[in-house]
Structure formats: structure tokens, C-alpha cells
Amino acid sequence: MKRVLVINAGSSSVKYQLLDADSGLVAASGLIERIGEGTGELRHTAGESTQRWSAPIADPAAAFVALGEAFGTYGPDLGAEPLFAVGHRVVHGGTKFREATRIDEHVLHALEELTPLAPLHNPANIAGIRAALARFPDVPHVAVFDTAFHRTLPPAAFTYAVPQTWRDEHSVRRYGFHGTSHEYVSRRVSAIMGRSELAIVVLHLGNGCSACAVLDGESIDTSMGMTPLEGLVMGTRCGDLDPAIPFHMARTAGLGVAELDDALNKQSGLKGLAGANDYRTISDRAQAGDADAAAAIAVVVHRLVKYIGAYAAAMGRLDAIAFTGGIGEHSPRLRAAVLGRLTVFGVEIDADANAAAEGETLVTTSASRVAAYVIPTNEELQIARECRSLLQQ
Ligand code: ADP
């Protein structure tokens, strides 16, 4: 048994899971929200029982004290068996961190230097790591990067056609995100299909959405770019857009950089199109006849279909499509809308399997030339396994 505590520290929340890297069994999980906002909200699940309570949580350090207390009060006892590792999800590894990395002061310093690349995410991740190091000083801590799986992108896919100084001096290139999920899901598809020589498009569709072209086990293109703003239509992010639109809005509406950033990251996507960022809400409204919601879904589907077509061409073939993330796993209607538009690739949906999909499910017929799967992602397990392989080397 290798018990790993996986930590995902955001700007005002800490999500955690205690699991065994060997069996994948989850012993406990929890969420601490509204850190620094007066009253924090906490949830801790151990076995079958879930506790919820409120308490003042001033900062990440206080969150990790509360996390320790949650285990102390509701179990399992973290002292009963030593932790094998603490695994931290880190959003941006730049070009420096291409694999999971054991954390020390030197690594923390290098992560701080990457902050300009991920000004929203990395500082929160770093604060979480520092607080966790203080709480669990005797356990190896490992950083697992959202960008790392995309280390294999070829220059043709990661290069933007911008001035050389932007590329050389300002780190402007595609990095890609959701790598932990794309890696986990593509490995599951390979395991199910029984081979690794596969051209797979993985669609991670949650609040953030990204597509990844995985050829023979390696990411060769992905829709998020230098930041998570590029690509698919998301809950509140616009995804692809003519880069001249921000100039237009600056000139005609007088918007400044901060307002443009906020508009494109937080007021666009589903929210901009139909007033709500939650896909289920939009889907329910579309079913009830709401024209804006239906139009928003049409934009989402069109963008997805374009990316699948582009990635099939980039890989030279298409063997499988995998749906994951809250929307990918739970919206049969969205999957049917996308797969129904892929007859050019010989995709034949199995409507019954798609409607009833639960857990890992094949949702195409045996005659379909491309297999499509629902694969529930498991980023925590992937992080725990990466901790295990790094520390066993
Ligand atoms: P995150 O990216 O924050 O991890 P999730 O992967 O949980 O988020 O995905 C959240 C999205 O999944 C939301 O837009 C939510 O509405 C959507 N979703 C969850 N359940 C369903 C469902 N049954 N039908 C359609 N969409 C769903």
C-alpha cells in the first residue's frame, strides 16, 4: 500500500484525496472552500460518511491545519500508517518542468519564476505547497504539472506565428493544459482497446474544456494554448477568437487590459452566449425551448466537431474519441450531437449505449469505423501513480 495525499490548491479552495497509488482505492476526500473570505466551508468524506461544516479559514496555512484536524476527527488516522507522498497538482510547468518533480526550495523558486505564465493559478498552487510542506514536513512532496503531458508537442503545433522576440524573450508558445486528465484517459482507451498504436482525440469537457490529439501515446496537439483561454467554448472562457477582437473592443468600447481579461476569461463562453456557465442548466433550458441556450450548444458542438476533424487530419487517422469531464461523462445529448456530425469518419453511434452510459462505456456500434468511449477521468489516481513512479526510481 502506498498512501498518497493528492492536493489541488486553487485561489480560494483546497481539494484533497487520500488514496492508495497501487489499488486506486480512495480512503478519504474533501474540499475546503472560501479560504480567506471570512467563513470557510469544509467537506470531508471518509468511507461512506460525509461531514460538512463551516469555520474561519484565513489562509492556505489555516486550510492545512483544518485538513489535518478533519483527518484527526473523522478519520482515517494519518498517523496510523506513514504517507508515501503528498502529490500536488500544479497548473503551469513552463518548458522547465516536463515531468513530475520532487519539490524542494530550488523547485519552489523555479515555480515562482513561472508565475508570469500562470498569474492566476501558480501562486495559489505554490501557497498550497508551502502550507502542505509545513503541515507534512517528513513526507516527500511531488509536483505534477497540467502541462507535462504536452511536452511531446512538435514545434509545428506549439509555435505561434508571432514576432521572434515574443517567442524568444517572452515564452510565447502553446503549452496546453489538462495533461494529467488527457494522459489518464488516453491510457485507459489504450488499455481497453488492447494496443498503444492508436490515434485518439480526448475531449475533456468540464468547466474548462480542452481537446487533445494523442498519437501512439503522445500528445501531438491540444486546444488550450499559452493559457487555458484558447480552444473550445468553456463555461466562462471564449476559446478561439480572432485576436483582433480585443483591439476592436479597446478602440470602440474603451475597454482596458483588465476588463478584456475579465470579459474573455469570466464573462464569455456559455455564460456570454446564454447567461449561465453551467452546461446542465443550458442543456435543460435548450430542451425546454430556450433559443439562446440552443444556439449556445450549437456553437459548442460546431467547435468540437472542427477540432476533431482537424486532429484526425493532423494525426493522419482516427481510431478513437474519448469523452471525459463533467459534461463529457454526463451529457449523452452532447455526445450524440457531436458523434452524429462525424459520419465523414464513419462514426456510428450506439444510441442505447450512449443514453445508458455509466462508467467506462463504448458508445459506438461494432460497425463504427471509429470507437467512441465515455471514460470518467481520474486525475488524482494519475497524480498518485506519478508520485509512485518518481519516488521508486
Ligand atoms: P471541473 O472542470 O470544475 O472539474 P466538472 O468536470 O465537474 O468541472 O464539470 C462541470 C460541468 O459538467 C458543468 O458545466 C456541469 O453543468 C456539467 N455537468 C455535470 N453533470 C451534468 C449532466 N448530468 N448533464 C450535463 N452537464 C453536466
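In listed order, ligands and their atoms are each counted from 1. Residue indices begin at 1 and follow the sequence shown.
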Looking only at N/O atoms, are D278 and ligand 1 under 3.5 Å apart anywhere?
-> yes
Relative to each other, are the rings of W53 and Y74 parallel, tilted or perpendicular (30° and 60° limits)?
-> tilted
Hey, do the aromatic rings of H88 and H141 have their centres closer than 6.0 Å?
-> yes
Looking only at distance, does K15 have an N or O less than 3.5 Å from an N or O of ligand 1?
-> no
So, is L205 polar-close to ligand 1, with some N/O to N/O distance under 3.5 Å?
-> no
Among protein heavy atoms, which lies nearest atom 24 (N) of ligand 1, and at what distance?
-> H330 O, 3.4 Å
Do NZ/NE/NH1/NH2 and the carboxylate oxygens of E113 and K96 come within less than 4.0 Å?
-> no
For atom 8 (O) of ligand 1, the protein heavy atom that lies nearest, with its residue and separation | N207 ND2, 3.3 Å
Establish whether atom 4 (O) of ligand 1 and some protein heavy atom are separated by less than 4.0 angstrom.
-> no
Select the closest option to atom 12 (O) of ligand 1 among G326, G10, A276, G325, judged by heavy-atom distance.
-> G326
Assess R251 against F247: is NZ or CZ under 6.0 Å from the centre of the six-membered ring, and within 45 degrees of the ring's axis?
-> no
Would you call R317 and E197 a salt bridge, using N to O less than 4.0 angstrom?
-> no
Check: H92 ring centre within less than 6.0 Å of F97 ring centre = no
If you measure every N/O of H204 against every N/O of ligand 1, is any gap under 3.5 Å?
-> no
What atoms in ligand 1 come closer than 4.0 Å to a heavy atom of S331?
-> 25 (C)
Looking at R280, which atoms of ligand 1 are within less than 4.0 Å of one of its heavy atoms?
-> 16 (O), 19 (C), 20 (N), 21 (C), 22 (C), 24 (N), 25 (C), 26 (N), 27 (C)
Near G206, which atoms of ligand 1 are under 4.0 Å from a heavy atom of that residue?
-> 2 (O), 5 (P), 6 (O), 9 (O)
Within the 6.0 Å centroid threshold, strictly below: F145 and Y175 = no
Between I327 and ligand 1, does any nitrogen or oxygen pair lie at a separation below 3.5 Å?
-> yes
Is the count of non-hydrogen atoms from other residues, nucleotides or ligands lying under 6.0 Å from K2 atom NZ greater than 12?
-> yes
G94 and L117 have their tightest heavy-atom pair at CA-CD1, 4.1 Å
Considering only the protein, which heavy-atom contact is closest to atom 14 (O) of ligand 1, and what is its distance?
-> Y279 N, 2.9 Å
